[in-house]
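Order of the sequence lines fixes the chain letters, A, B, ..., with proteins taken first and strands second; residue numbering starts at 1 for each chain. Atom set for the values below is all heavy atoms of this structure, side chains included, hydrogens, waters and symmetry mates excluded.
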2 protein chains.
Amino acid sequence: MGKAPTIREVARRAGVSVATVSRVMNGRGSVSEKTRQTVGEAIRETGFRPNVIGRGLKTARSGTLGVLMPSLRNPIFADAVQGIERAAEAGGYRILLTSSNYLPDKEVAAIDVLLCNRVEGLVLTVADESTSQALDFLDRSHVPFVLVFNPARTADHSIVTIDNVAAARDIVGRLVRMGHRRIAMIAGDSQASDRSNLRRAGYEQALVDGGLRPSPVIEVGFDSRDLVRHCRFLLSCDPGPTALFCSTDMLAIAGIRGFAALGLRIPDDISVVGFDGIEVGECMSPSLATVVQPAEDMGMRAVEHLLERLNAGAPAKNLTLPYRLRHGESWAKPREATAPTGTPV
Amino acid sequence: MGKAPTIREVARRAGVSVATVSRVMNGRGSVSEKTRQTVGEAIRETGFRPNVIGRGLKTARSGTLGVLMPSLRNPIFADAVQGIERAAEAGGYRILLTSSNYLPDKEVAAIDVLLCNRVEGLVLTVADESTSQALDFLDRSHVPFVLVFNPARTADHSIVTIDNVAAARDIVGRLVRMGHRRIAMIAGDSQASDRSNLRRAGYEQALVDGGLRPSPVIEVGFDSRDLVRHCRFLLSCDPGPTALFCSTDMLAIAGIRGFAALGLRIPDDISVVGFDGIEVGECMSPSLATVVQPAEDMGMRAVEHLLERLNAGAPAKNLTLPYRLRHGESWAKPREATAPTGTPV
DNA sequence: CGCTAAAGTGTAAACGTTTACAAAGACAGC
DNA sequence: GCTGTCTTTGTAAACGTTTACACTTTAGCG
């Protein structure tokens, strides 16, 4: 593992000073055409690759952005990272990726590591924005950051999100207007996700809007993949639900499976809708009716905004992107369709 | 954005030299208990965070590993990255993540950027290991790297993979022994994935093993999500297939949907099996019969091995992990079950 | 008390860049 | 030829750490 050549060796080989080599590389300052050639050759001959660590030390710019996500196992986050990476690359930045596994303690630790690495900014999703120590910590650091998926704490925070309450209310409202009167909800651990809470709030509002009495919400862990127990419970209730709303697509997919395992057909016997809009929900059969968050786009926008703040000193802003409903095949009118109590559809 | 405090300011505040502060931070060299206290306080008071860029310059160690994946949109890669991140974190390393979008040109460019960032090693999946310029490039760099998912080029390369040929042969062989005589295959773009080719080879071997004549393989792009056209084509063949093998789970899921859209029931009318073992395949209904690659584990092992090479000078090695079959619900005996020509099951 | 060894601390030189500043050369205008 | 301007190049000082080396203090021991 011979040491990598340095700018000094290139300079020696080209018979110029290191300053000149630096100028050739960065295209700053004036260099005669002849020298430029010579140096270019020397660079090629030595296989020189500028050491961005040395450069970063001098320029006080690392060229990296920190990224912190709860997990990459939920495709919604993987998609966001994909967008983040694309936009970062387009802007000439690299990303340092970490994940918290939904643990607030790890959030703080991971951010600390990123700050030691002198990331110029961060893009992150925290478990719960309202209680996050990680954000307090970050506020104090004066390193700009953009939250993705999380709701806004205050107006002077940069966030890229969708209106979770409105979206949940919208999709559940449609179930109501389809004629569903008993709509259950399975929500991911509210401790680990403020989104879960917001979606629950939207769900409850939709029930109220429809004049339905709230039903209890089943809270499960994020990694729950086997919901058959919970599905059985739901069916055992006196008037069982005719529809299920899940706080994430992963849960909804598991819910469909749970009901199918109990012999129900989707959507004939029960409707199931999700939230996130992960691609696989669209590919499966029945395709999942859900709220689509433009995750990749959100990641890109987050980075673009971050770079504006970094390079142009733009102010923080709250960016709420529009969500989309995917009219999948997993929902339908309830069999014993009764008109909703409110206004007819 | 006041400048971050440096070791010098901590030293001044604690009334000691920078060397002492450094010693306290790294626990190297001897420092009296009293000084240790004083310095610790000064660090806390100033909110000092060691600049790993400065450190890296001196120690010639960046503490980062480079990661290059084709895309994060396929959960199999996201899972691998998850494992990579976990193991890297456990080993005290950070990861610099890039993706190639399956484009060989971007592979080279991305690696170049990573090398400029002086990653101490790389974990990557290239489109095609046998033709990859990226790997030639990397070989010349003398930075250790580990391939994941790709097959081994030569014995002195580090790789972590499964036996794609054997696995494909295994699962397709089971279809044969179930009684399927006409098994179609949909494969992802072979240009963009050597895995696709290996799985195809395994598929063809299984057909030969079973005394079946090879049928043409349909090649599609990786981002193909609507396979209904291809499904229709398959059904239009004179004796249509009774089973479909797809080179990835994402394709298999789309295939299930394609057939379902044409009115077929899975697995009653046609069996569909995939390859990868992404989690969502297990959650959906019918659950996907597939070859499970331990992606997260593969990512972890890759990093563990890389760190062994880095820190203990261990030699490169080829690590072929066992695959697992998931006996999902998407396959069954063909309706018009005929015993296979070969040995009975 | 004097000697030696060990422990604690400081000094200063790296590491690979960038860049302010200085210097030198070329050239034009007088 | 002198002056001034512009272009090209070099010198050297940062940037924030680590660490070899040297120095001072302390402790142990005769």
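A:Ala19 comes within 4.0 angstrom of a nucleotide base, judged by non-hydrogen atoms across all strands. Across all strands, B:Ser30 comes closer than 4.0 Å to base atoms (heavy-atom distances). Within the 4.0 angstrom heavy-atom criterion, base atoms lie near B:Ser22. Contacts of A:Arg28 with the nucleic acid, taken as non-hydrogen atoms under 4.0 Å apart, involve only primed sugar atoms and P, OP1 or OP2. Nucleic acid contact class of A:Val16 (heavy atoms, under 4.0 Å, all strands): sugar-phosphate only.
The CZ-P distance, from A:Arg118 to D:dC15, rounds to 14 Å in whole Å. Taking atom CZ of A:Arg23 as the reference point, atom C1' of D:dT11 lies 10 Å away to the nearest angstrom. Counting to the nearest Å, the P atom of C:dA7 and the NZ atom of B:Lys34 are 18 Å from each other. Atoms CG (B:Leu57) and C1' (D:dT19) sit 14 Å apart, rounded to a whole Å. As a whole-Å value, the separation of A:Ile53 CD1 from D:dG16 P is 15 Å. Rounded to an integer number of Å, the gap from A:Arg49 CZ to C:dT17 C1' is 17 Å. Distance CD1 (B:Ile7) to P (C:dT11): 14 Å, rounded to an integer number of Å. Atom NZ in A:Lys58 sits roughly 15 Å away from atom P in D:dA12 (whole-Å rounding).
Using a 4.0 Å cut-off, no side-chain N or O of A:Thr20 falls inside it from OP1 or OP2 of D:dT8. Contact check, A:Arg55 against C:dG16: no side-chain N or O comes under 4.0 Å of OP1 or OP2. OP1 and OP2 of D:dC15 both lie 4.0 Å or more from every side-chain N or O belonging to B:Thr6. Put simply, A:Thr59 has no side-chain N or O that comes within less than 4.0 Å of OP1 or OP2 on C:dT17. Taking only side-chain nitrogens and oxygens, B:Asn51 never comes nearer than 4.0 Å to OP1 or OP2 of D:dC15.
Residues A:Ile7 and A:Ser22 have side chains in contact (heavy-atom distance under 4.5 Å, counting atoms from C-beta outward). Residues B:Glu129 and B:Ile159 have side chains not in contact (no heavy-atom distance under 4.5 Å, counting atoms from C-beta outward).
With axes fitted over five pairs at each extremity, the angle between the ends of the helix from C:dC1-D:dG30 to C:dC30-D:dG1 is 50° (10° resolution).
The number of heavy-atom neighbours closer than 6.0 Å to CD of B:Gln191, taken from other residues, nucleotides and ligands shown, is 12 or below. Within a 6.0 Å sphere centred on CD of A:Gln133, other residues, nucleotides and ligands contribute 12 heavy atoms or fewer. The 12-atom threshold is not exceeded at CZ of B:Arg86, counting heavy atoms of other residues, nucleotides or ligands nearer than 6.0 Å.
B:Glu33 and B:Gln37 form a side-chain donor-acceptor contact under 3.5 Å, judged by distance and modelled atom types alone. Side-chain contact, A:Arg13 with A:Thr46: no donor N or O sits under 3.5 Å from an acceptor N or O.
Closest to the side chain of B:Met25, out of D:dT18, D:dT8, C:dG8, is D:dT18.
Residue B:Leu147 holds its CG atom at 12.5 Å from CG of B:Leu319, rounded to the nearest 0.5 Å.
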